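Only a predicted model underlies this, so the values are computations on that prediction, with no experimental measurement involved. Below, chains carry the letters A, B, ... as their sequence lines are ordered, and counting in each starts from 1.
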Amino acid sequence: MIRISLPDGSVKEVEAGTTILSVVESIGPRLAKAAVCALVDGELKDVRDPLIQDGSLTVLTKGEPQVLETIRHTASHVMAQAVKRLFPNAKLGIGPAIDEGFYYDFDLADSLTEDDLDKILAEMKTIISQDLPILRKELPVNEARELLQSLDENYKIELLDDLSEIEGETITFFEQGEFIDLCRGPHLQTTGMLASDAVKLPSVAGAYWRGDEKRPMLQRIYGTAWETKADLEAYEWRQEEAAKRDHRRLGKELELFSIHEEGGAGLVCWHPKGARLKRTIEEFWYQQHDLGGYEIVATPHIGKAQLWSISGHLDFYRDGMYSPMDIDGVDYYIKPMNCPYQILIYKTKGHSYRELPLRMAEMGTVYRYERSGVLHGLMRVRGFTIDDAHIICRPDQVDAEIRRVYAFSMTMLMAFGFEEFEIYLSTRPYEGKAVGDEAQWEQATDALRAALEDRGLPYKVDDGGGAFYGPKIDIKVKDTLGRSWQCSTIQFDFNLPNRFDMTYIAEDGKEHRPFMVHRALLGSLERFIGCLIEHYGGAFPVWLSPIQANVIPIADRHVDYAHEVAEKMKAAGIRATVNETSERMNAKIRTAQLQKIPYMMVVGDREQEADAVALRLRTEQDLGDMKVDDVIGLIRSKIESKAQDLT
RNA sequence: GCCAGCGUAGCUCAAUCGGCAGAGCAACGGAUUUGUAAUCCGUAGGUUGCCAGUUCAAUUCUGGCCGCUGGCUCCA
């Protein structure tokens, strides 16, 4: 007998192996019918799973957030069943629940079209209305294999082979009607527990089997499923809102940047307004680095093969580099990173231990080869500027420097209004993609881990995601569509100092090897601005707005006064423009509003008389008439405090 | 790179079965001088991404290239 404790504090004694469902039935038949899944000691379980040891049990019904995963997992099975009905030769890949939906991969001779998706969805609705009971089955490995062989599911057999090594004797299957699938669950009790009007199949895409480009490409159908139609509609509304904030769309609408077919994919042209934004960021960045103990440097865009050979880039980073160009019979490469040149600067003289840590920073523009399919607006480009710095320090200073950089990074990102981050610790890359011995990697990785853990920061481990020269901490921010993008990176490097034979003279009068930390706070300026655009939906805080104030004369006779106001503002360091077109005031306001200019200043006879403006905000607030000097004071204070609000 | 979809005026999008390529906005010219999200009239704007092919005829069908969009382990 085992003891199962329930949320109300009571304890049930049952025989080991009793299913969750039968325990729930003893509590109440209604609850048993409504049960979607359960938590056993906090772990999500299928209601038909057996209870094997003492533990706590919580039954989950609709309305609780954890049930979505189960709903989506079942939806993916229903979709697979529908596909099998329509395309009996389809081979099943994997079909998990994901963040806002689910997918299932199929090997199919013909490629699926939008029409096919409609048909599949219709068949899914049929399966849901048939209300098929979903049964859980446990089979010994050999029987499981026979079953899959009889179904000719070769991908599933491969999964089974991997699983049987780990999980031993029995394998679980879920069966609904004629459909049976290798699966751990959890699942709903019947297909009818899905809401057929809360399921959609938005897209189909190619996906390599097990993510490996050397293996067959399967067709992945993406779906989304919710508890209710209203939830689905809310989700679709969120998607539409997100699309409106897409930086590619806003970049065009707000005239920030463009990328040209004639110029090249992934190569960004900054228009006046975008360049203004970029400059504002850079100016703040330089100012912070002056205060933060950094020396600013600048290095060339190309360098001889010799340099990249010493650094190891030609051995470990060649895939990311462009073909060399011949200059007087010597190969030169466009730089993919700034570090080698900064190291050359370090090496131009001898260094005392007293000078360390030495922090060199630059806005360094680099070019990297990215596969055409991964390019994405400003987020993934081929030419970009890194706010790059290299900290050269003594071994005893590394810890403090990493902490210092982390704090600096947070200050910087928060100044731009970002509040939510994901932190990753990236470890040693595999298969000869890394330099240095394993012990060093371990030591360095531990140092980074300690810096995170001492601060009690939650982080995830990106196994094998480190740079070729050392492990790193990455800080990512999320875009509107939930994709996360790396901004800050703090990289430990014990390799380049060796390769370049960097030294300093320690107290003992002897040469010692310094450590090096590479770091970028904003990461790529291009990507960072892409994130900023989406974060604010183009309505930047005043200090970042390319145009901060727009003066709107009501009639032509007010244009001179409008210019007078704008000049006064410019003299006070405010980016102000005048709308001199012969449009009506309403149209001028609309134009400014669409450009998301924070302050609109309407001037007519009344204002001209009183040395004032009628102040309207892009939030549609009308602040009424204000003296020009007062408005200047207000805007200046918003700029200086980097305020998020306008009043 | 691979799979799928897409590419028409500066922008957003039409064009039935292969039969003279169109609208709104923007631009330009003129009129209007307006009080908190679009004043009216007119003008101009195109090698339908590029290159081949099929056809009497191609924006439309076929192939190649360029570019864009979504996706390419969130692991049964």
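Note on residues 575-601 of chain A: no pairs pass ring pair (Phe, Tyr, Trp, His ring centres under 6.0 Å), not counting sequence neighbours.
For A/Asp625, the side chain to side chain donor-acceptor pair (under 3.5 Å) partners are A/Arg606, not counting sequence neighbours.
Among the atoms of the strands shown, only primed sugar atoms or phosphate atoms (P, OP1, OP2) are found under 4.0 Å from some heavy atom of A/Tyr222. Heavy atoms of A/Ile94 sit under 4.0 angstrom from primed sugar atoms or phosphate atoms, though from no base atom. When heavy atoms are screened at a 4.0 angstrom cut-off, A/Lys588 is found touching no nucleic acid atom at all.
Side-chain polar atoms of A/Glu153 and A/Tyr155 form no donor-acceptor pair below 3.5 angstrom. Residues A/Tyr459 and A/Asp474 bring no donor and acceptor atom of their side chains to less than 3.5 Å of each other. Between A/His558 and A/Glu607, the side chains place no donor N or O within less than 3.5 Å of an acceptor N or O (distance only, hydrogens not considered). Using a 3.5 Å distance cut-off with no hydrogens or angles, the side chains of A/Arg318 and A/Tyr333 do pair a donor with an acceptor. Counting only N and O atoms by type, the side chains of A/Thr113 and A/Asp115 include no donor and acceptor under 3.5 Å apart. Judged purely by distance below 3.5 Å, without hydrogens or angles, the side chains of A/Lys273 and A/Gln595 pair a donor atom with an acceptor atom.
One interatomic measurement links the two molecules: CG of A/Leu218 to P of B/rG70, which rounds to 22 Å at whole-angstrom precision. In this structure, CG of A/Asp463 is placed 16 Å from P of B/rU73, rounded to the nearest angstrom. Rounded to whole Å, atom C1' of B/rU69 lies 17 Å from atom CZ of A/Arg371. Distance CZ (A/Arg249) to C1' (B/rC11): 12 Å, rounded to an integer number of Å. Note: NE2 (A/His376) to C1' (B/rU69) measures 9 Å, nearest angstrom. Residue A/Arg380 contributes atom CZ, which lies 14 Å from atom P of B/rG1 at whole-angstrom precision. In this structure, A/Glu422 places its CD atom 13 Å from P of B/rC74, rounding to the nearest Å. Atom CZ in A/Arg220 sits about 12 Å away from atom C1' in B/rG70, given to the nearest Å.
With A/Tyr103 as the aromatic partner, A/Arg220 meets the cation-pi criteria of under 6.0 angstrom to the ring centre and within 45 degrees of the ring axis. Cation-pi geometry between A/Lys91 and A/Phe106 is not met at under 6.0 angstrom from the ring centre and within 45 degrees of the axis.
Near RNA chain B, meaning a heavy atom under 4.0 Å from it, residues 199-209 of chain A has A/Ala205, A/Gly206, A/Ala207, A/Tyr208 in order of number.
Spacing of P atoms, B/rC28 relative to B/rG10, comes out at 15 Å, to the nearest Å. As rounded to the nearest Å, B/rC25 and B/rC40 have P atoms that lie 8 Å from one another. Here the separation of B/rG63 from B/rC2, taken at their P atoms, is 16 Å to the nearest Å. For the C1' atoms, the distance from B/rU47 to B/rA21 is 13 Å, rounded to whole Å. For the P atoms, the distance linking B/rA23 with B/rA44 amounts to 12 Å, nearest Å. Distance check on atom P: B/rA9 versus B/rG46 gives 10 Å, rounded to whole Å. To the nearest whole angstrom, the two C1' atoms, one in B/rG29 and one in B/rC68, are 36 Å apart. B/rU54 and B/rU12 have their C1' atoms separated by 34 Å, given to the nearest Å.
When each of A/Glu213 and A/Ile98 is assigned the nucleotide of RNA chain B with its nearest heavy atom, A/Glu213 is the one assigned upstream, toward the 5' end.
Considering only side-chain N and O atoms, A/Arg248 lies under 4.0 angstrom from the phosphate OP1 or OP2 of B/rG70. Checking the phosphate oxygens (OP1, OP2) of B/rU12, a side-chain nitrogen or oxygen of A/Lys252 falls inside 4.0 Å.
The pair A/Lys588-A/Glu583 fails the salt-bridge criterion, with no side-chain N (NZ, NE, NH1 or NH2) lying under 4.0 Å from an Asp/Glu carboxylate O. A salt bridge links A/Asp46 and A/Arg48; the closest N-O separation between the charged side-chain nitrogens and carboxylate oxygens is under 4.0 Å. With salt bridges taken as basic N to acidic carboxylate O contacts below 4.0 Å, one links A/Asp49 and A/Arg136.
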- Nucleotide pairing, RNA chain B (Watson-Crick or G-U, distances under 3.5 Å), in dot-bracket with [ ] and |: (((((((..((((.....[..)))).(((((.......))))).....(((((..]....))))))))))))....

- Between protein and nucleotides 60-67 of chain B, map the contacts as a letter string: B base, S sugar-phosphate only, - none, heavy atoms under 4.0 Å, written 5' to 3'. ------BS

- Note on the structure: Reading nucleotides 30-38 of chain B from 5' to 3' and marking B where a protein heavy atom lies under 4.0 Å of the base, S where only the sugar-phosphate is that close, and - otherwise, the string is -BBBBBBBB

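Between A/His187 and A/His73, the ring planes are tilted. Angles from 30° to 60° get that label. Taking the six-membered ring for Trp and thresholds of 30 and 60 degrees, A/Tyr235 and A/Trp226 have ring planes inclined between 30 and 60 degrees apart. Ring orientation note: the planes of A/Phe468 and A/His313 are nearly perpendicular, at an angle over 60° on the 30°/60° scale.
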